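Working notes, beginning with the structure itself.
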Amino acid sequence: MGSSSTTTLVSRRRTQAPKPARTAMRNKPQSSLIVDDEFSDTICEKCGSGGYPAQLLLCDKCDCGFHLFCLRPILPSVPKGSWFCPSCDDDGENLPKFSLVQTKIVDFFRIQRLSSSINELNPGKDSQKKRKRSSSLVMSKKRRRLLPFNPTKDPARRLEQMSSLATALLAAGAEFSNELTYMPGMAPRSANNAALEREGMQVLSKDDTDTLDLCKNMMKQGEWPPLMVVFDPKEGFTVEADVFIRDWTIITEYVGDVDYLNNREADDGDSMMTLLSTNDPSKDLVICPDKCSNIARFINGINNHTPEGKKKQNVKCVRFDVNGESRVLLIANRDIRKGERLYYDYNGYENEYPTEHFV
């Protein structure tokens with residue numbers, strides 16, 4: 001994609017973690033930042049204001065200025081290398097789509113065996129009906145269980161869903177992964193100790209752990225979550241429900257490379273997620289999905305500064321202790337209609353992330 005990839009990533013940095021230092025600004029070539037007197041009268045081509053000079057970018061081709069937050073999609077930080085405005089970016093409008101050839105999709109997602117029937121791994125409707133019939137007033141007071149996603153029955157449609165995610169990952173320059181990854185030079189797996197969470201962490205029950213494992217195994221067999229990644233000119237890549245999704249359904253696990261937060265304070269990654277918050281800042285962990293990730297990277301955040309933005313939220317982000325390790329799950333927090341876009345609150349409990357410019 002070259003330089004065009006910098007204009008197609010949706011606006012997000014990290015969830016439930018402190019904001020990174022702005023050292024990325026210093027790494028940008030002087031010609032692209034409004035930092036000296038030569039460009040002191042530069043204004044944003046979108047809003048016509050010269051305010052917020054630290055957020056003004058200059059196009060490396062036409063020298064026009066643009067606020068990071070005025071661009072669509074919004075840029076979360078100053079991109080590395082050259083940057084071209086939408087008018088000068090010849091490749092930004094036509095994203096190449098990943099092939100619908102089954103063998104290529106199977107190889108891309110490292111699917112072990114492409115299943116044609118969702119009944120092989122997914123609990124049938126009969127078991128769900130039995131559970132409903134046995135419910136009572138006493139049972140309803142118990143904690144609700146997480147539900148596995150229901151894959152689309154049509155194999156051809158599942159290939160389209162997978163192809164849409166592959167297209168977005170390739171545009172972002174990332175490989176597919178559905179697990180937390182521990183790379184040399186980053187945090188080791190032993191550092192992910194849920195017992196270190198400073199305020200304690202909810203333990204995922206055995207039943208819910210089994211449901212999570214079921215979802216993971218379904219994906220290994222090509223039984224895909226009923227989600228479609230689409231490109232929106234305002235929001236960038238975003239995720240839509242391809243069928244009706246019930247409340248409390250597991251959408252996906254948030255995955256990527258695990259690293260210490262201290263190593264990422266100056267990082268301009270656009271999708272970091274808090275994994276562990278301890279009493280010792282040097283042991284805090286974040287998930288970095290810039291190189292390895294799944295569909296979670298493309299689920300957008302709400303603008304929690306407006307009532308309309310808050311109404312969009314239909315997914316919640318929850319960290320669980322799963323067999324002693326911290327894991328992050330995205331779960332439907334209400335029924336989601338077919339065609340509805342998925343949104344969750346980036347800020348979580350810390351309210352650190354600026355979402356006022358979100359669409």
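Here the structure is a predicted model, which means the values were calculated and not measured.
Asn192 CG to Leu276 CG: the interatomic distance, rounded to the nearest 0.5 Å, is 6.0 Å. In this structure, Asn178 CG and Asn294 CG are separated by 5.0 Å, a value rounded to the nearest 0.5 Å. Ile336 CD1 to Leu342 CG: the interatomic distance, rounded to the nearest 0.5 Å, is 4.5 Å. Atom CZ of Arg145 and atom CG of Leu147 lie 10.0 Å apart (nearest 0.5 Å). How far CD1 of Ile250 is from CG of Leu214: 8.5 Å, rounded to the nearest 0.5 Å. To the nearest 0.5 Å, atoms CD1 (Ile105) and CZ (Phe176) are separated by 12.5 Å.
Residues passing the side-chain contact (heavy atoms from CB on, under 4.5 Å) test with Asp321, sequence neighbours excluded: Ala194, Met201, Val203. With sequence neighbours left out, the side-chain contact (heavy atoms from CB on, under 4.5 Å) criterion links Asn333 to Gln313, Asn314, Lys316. Listed by chain and residue number, nothing satisfies the side-chain hydrogen bond (donor to acceptor under 3.5 Å, both in side chains) test with Lys311 (two or more places apart in sequence, or in another chain).
A 4.5 Å side-chain heavy-atom check between Asn300 and Lys312 finds every atom pair outside the cut-off. Under the 4.5 Å side-chain criterion, counting only non-hydrogen atoms from C-beta, Cys44 is not in contact with Ser49. Residues Thr274 and Arg319 have side chains in contact (heavy-atom distance under 4.5 Å, counting atoms from C-beta outward). In this structure the side chain of Cys85 reaches within 4.5 angstrom of the side chain of Cys62, judged on heavy atoms. Within the 4.5 Å cutoff, side-chain heavy atoms of Phe298 are placed close to those of Leu169. The side-chain heavy atoms of Lys291 and Asp257, taken from C-beta on, include a pair separated by under 4.5 Å. With a 4.5 Å cut-off on side-chain heavy atoms, Gln221 and Gln112 count as touching. Annotation: side chain of Asp63 is not in contact with side chain of Thr42 (no heavy-atom distance under 4.5 Å).
Remark: the Glu197 side chain and the Ser326 side chain contain no N/O donor-acceptor pair separated by less than 3.5 Å. Checking Asp280 against Ser282 by side-chain atom types alone, a donor-acceptor pair falls below 3.5 Å. For the residue pair Asp284/Ser277, the side-chain donor-acceptor check at 3.5 Å is not satisfied. Between the side chains of Thr238 and Asp232, no donor-acceptor pair of N or O atoms lies under 3.5 Å.
Put simply, the side chain of Thr181 gets close to the backbone of Gly256: a donor and an acceptor are under 3.5 Å apart. Looking at Arg189, its side chain never comes within 3.5 Å of a backbone N or O of Glu325 through a donor-acceptor pair. Without hydrogens or angle criteria, Tyr254 side chain to Val328 main chain gives no donor-acceptor distance under 3.5 Å. Checking side-chain atoms of Thr249 against main-chain N and O of Phe149 turns up no donor-acceptor pair under 3.5 Å. Within the 3.5 Å criterion, the main-chain N or O of Ser163 finds a donor-acceptor partner in the side chain of Thr167. The main-chain N or O of Leu146 is found under 3.5 Å from a side-chain atom of Asp208 such that the two form a donor-acceptor pair. A donor-acceptor pair under 3.5 Å is formed between the side chain of Arg297 and the backbone N or O of Pro289.
Residue Val243 is not grouped with residue Leu165 when hydrophobic side chains (ILVMFWY) are merged at heavy-atom distances under 4.5 angstrom, including chains of intermediate members. In the hydrophobic clustering of this structure, Ile251 does not group with Ile302; members are Ile, Leu, Val, Met, Phe, Trp, Tyr whose side-chain heavy atoms approach within less than 4.5 Å, directly or through other members. Two different hydrophobic clusters hold Met218 and Met228 under the rule that ILVMFWY side chains link at heavy-atom gaps under 4.5 Å. Put simply, Met186 and Met273 are part of two different groups of oily side chains (I, L, V, M, F, W, Y) that touch within less than 4.5 Å, one to the next. Follow the hydrophobic side-chain contacts under 4.5 Å out from Ile331 and you never reach Tyr343; the two are in separate clusters.
Summarising the local packing, CD of Glu179 is surrounded by more than 12 heavy atoms from other residues, nucleotides or ligands at distances under 6.0 Å. Within 6.0 Å of atom OH in Tyr52, 12 or fewer heavy atoms from other residues, nucleotides or ligands are found, so the atom counts as exposed in its surroundings. The 12-atom threshold is not exceeded at NZ of Lys338, counting heavy atoms of other residues, nucleotides or ligands nearer than 6.0 Å.
When every heavy atom of Thr209 is checked against every heavy atom of Asn323, the shortest pair comes out as CG2-ND2, 4.3 Å. In plain terms, the two heavy atoms of Thr278 and Lys283 that are nearest each other are OG1-CB, 3.7 Å. Listed here is the closest heavy atom pair of Tyr344 and Cys317: CD1-CB, 3.9 Å. The heavy-atom pair separating Ala187 from Tyr182 by the smallest distance is O-CD2, 3.5 Å. Here the closest heavy-atom approach between residue Phe66 and residue Glu45 is recorded as CE2-CB, 3.6 Å. The two atoms that bring Gly50 and Leu56 nearest to each other are O-CD1, 4.1 Å, heavy atoms only.
A parallel orientation is assigned to the rings of Phe69 and His67, their planes being inclined by less than 30° (bins at 30° and 60°).
With Gln161 as reference, Thr152 is the one residue of Thr152, Ile295, Val229, Asp154 to meet the side chain to side chain contact (heavy atoms under 4.5 Å, CB included) rule.
Between Arg157 and Asp242, at least one side-chain N (NZ, or NE/NH1/NH2) sits under 4.0 Å from a carboxylate O, which counts as a salt bridge.
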